[in-house]
Amino acid sequence: MPELPEVETVVRDLRPMLCGQRIDRIQTGRARLRRPWQKRWEKLLVGRRFNAVRRRGKWIILDLDESGHILVHLGMTGQLTIASARSPRLNHTHVLMTLEGGDAQLRYRDVRRFGSVEFWPISQAIDDLLAEKLGPEPWELPSDWHQAISKSARCLKAILLDQRVVAGVGNIYADESLFEAGLSPEQLGVHTRPADAARLREAIICVLERAIAARGATIRDYVGGSGLQGGYQNEFQVYGRTGQPCPRCTRPIESLRLAGRSTHYCPACQPVRVRASGRK
DNA sequence: CCGACGTCCTGCTAGC
DNA sequence: TGCTAGCAGGACGTCG
């Protein structure tokens, strides 16, 4: 559920609170995260300082002084927050790092445990690792982005969910972007016209920027780095609006299952458009 | 090589 | 009113 706008909000919230801070103590729960926390990491991390907080796709990178990083993925229900050490520890809190002075803690909470917190000791390697599994950020999509789409036999919905094609888009923003572009989620990549691909690229950027401005969307669990909920769920055009009127044409929003995910769209505003050279 | 699909996990809710 | 089946989905492994 946390996608690029939510992760970006967490990063922006944490950056001023975390940079320069030292890790004084680490406590962990027993529950196993997607990538299990290693006990031996703790003595390597205590005493280190945070140098920078950044994002790549849906991944949060906490750069440490000297070398190494803490890599965080929020999965579906992950929360990475700075909280007072005196505030109650909520259930499903798996990692707590007490910061210099003992007043504040960096906390990782994750009900469904689809996410992870891991230590990556070698500098630089983290960027190579992420470059291996992630495509460009939406703003860096290449001018030949139509090439990437048109060589795929998959539908646009599945293509947008593929992190190697574009990093950071998930189920919500895939649906919202396709609506913004007026393209059917069922449209096959191979049939997509260059002009439609270009419009989709603009739509993704536009939707993500609006969502970041609203501090992301809170469906259930998502909160920013200071514990605040997002506001973009109030601006959804199609996601989760099955049966409700399309904001553009008032016809009911429909839903179906694509690429194993619930997909929301307006059949009238998002027709399948086929390239002139080939018939449906 | 590519794409489809199953798996992990818990909490909420629709339906009986 | 109480129970349970089904659903939510990001990343990754497996299979055809």
Side-chain angles (χ1 to χ4, degrees), chain A residues 1-11 29-37 55-61 71-80 90-95 108-118 120 126 129-135 137-138 147-178 185-192 204 208 211 216-223 229-230 232-233 236 238-243 253-265:
Chain A
M1 225 111 50
E3 304 176 28
L4 189 153
E6 290 75 28
V7 176
E8 180 66 23
T9 302
V10 170
V11 163
R30 279 182 304 278
R32 186 188 166 89
L33 296 173
R34 169 175 256 285
R35 290 185 215 260
W37 175 267
R55 178 193 63 74
R56 177 76 170 90
K58 301 174 196 171
W59 296 86
I60 298 167
I61 307 154
L71 188 61
V72 181
H73 198 291
L74 300 178
M76 282 194 61
T77 55
Q79 301 174 334
L80 189 66
L90 298 172
N91 57 349
H92 305 295
T93 301
H94 306 296
V95 182
Y108 182 74
R109 176 169 186 260
D110 189 349
V111 172
R112 269 175 246 187
R113 284 185 277 134
F114 274 28
S116 60
V117 180
E118 55 190 313
W120 211 259
I126 197 78
L129 177 88
L130 290 174
E132 232 168 72
K133 56 180 166 192
L134 298 179
E137 295 285 313
Q147 290 278 314
I149 291 179
S150 63
K151 72 176 186 209
S152 173
R154 293 179 293 171
C155 62
L156 291 180
K157 174 65 181 260
I159 292 171
L160 288 183
L161 292 177
D162 187 342
Q163 300 300 296
R164 288 163 304 185
V165 175
V166 52
V169 175
N171 201 43
I172 293 170
Y173 297 105
D175 284 5
E176 292 294 315
S177 299
L178 286 164
E186 294 181 281
Q187 163 92 47
L188 295 184
V190 74
H191 289 153
T192 303
I204 293 166
L208 293 178
T218 297
I219 305 293
R220 184 169 300 155
D221 298 276
Y222 168 75
V223 293
Q229 299 199 334
Y232 197 68
Q233 65 280 3
F236 287 164
V238 288
Y239 183 83
R241 298 193 64 247
T242 310
I253 299 298
E254 290 186 15
S255 59
L256 51 78
R257 224 166 159 78
L258 282 178
R261 299 289 173 256
S262 66
T263 300
H264 315 76
Y265 69 108

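Lettering of chains follows the sequences in order, A, B, ..., and the numbering in each one begins at 1.
- Between A:D110 and A:R34 there is no salt bridge, since no side-chain N of the basic residue sits under 4.0 Å from a carboxylate O of the acidic one.
- Of the nucleotides present, B:dG6 is the one that pairs with C:dC12 by Watson-Crick or G-U wobble criteria, both distances under 3.5 Å.
- Contact of A:R154 with B:dA4 (side chain to base): no donor-acceptor pair of N or O atoms is detected under 3.5 Å.
- Under 4.0 angstrom from either OP1 or OP2 of C:dA11 there lies at least one side-chain N or O belonging to A:H73.
- Between A:R113 and B:dT10 there is a side-chain N or O to OP1 or OP2 distance below 4.0 Å.
- Proximity note for A:R35 (side chain, C-beta onward) versus C:dG10, C:dC12, B:dT10: the nearest is C:dC12.
- The two residues A:A167 and A:L134 have their closest heavy-atom pair at CB-CB, 4.2 Å.
- Looking at heavy-atom distances under 4.0 Å, A:R164 makes no contact with the nucleic acid at all.
- In this structure, A:M1 reaches the sugar-phosphate backbone alone: every heavy-atom distance under 4.0 Å involves primed, P, OP1 or OP2 atoms, never a base.
- Taking 4.0 angstrom as the limit, A:S152 places a side-chain polar atom (N or O) nearer than this to OP1 or OP2 of B:dG3.
- Side-chain nitrogen and oxygen atoms of A:Q163 include at least one within less than 4.0 Å of the OP1 or OP2 phosphate oxygen of C:dA11.
- The listed nucleotides are B:dG11, C:dG10, C:dC12; the one nearest the side chain of A:E3 is C:dG10.
- A sub-4.0 Å separation between OP1 or OP2 of B:dC9 and a side-chain N or O of A:H92 is absent.
- A salt bridge does not link A:K58 to A:E6: none of the charged side-chain nitrogens sits closer than 4.0 Å to a carboxylate oxygen.
- In the set C:dG10, C:dC12, B:dC12, C:dG10 carries the atom at the smallest distance from any side-chain atom of A:K58.
- Looking at the side chain of A:S262, the nearest of the listed nucleotides C:dG10, C:dA8, B:dC9 is C:dA8.
- Remark on DNA chain C: of its neighbouring residues A:R112 and A:K133, the 5'-side contact belongs to A:R112, judged by nearest-heavy-atom nucleotide.
- For A:R154 and A:D162, the salt-bridge test passes: some basic side-chain N is under 4.0 Å from an acidic carboxylate O.
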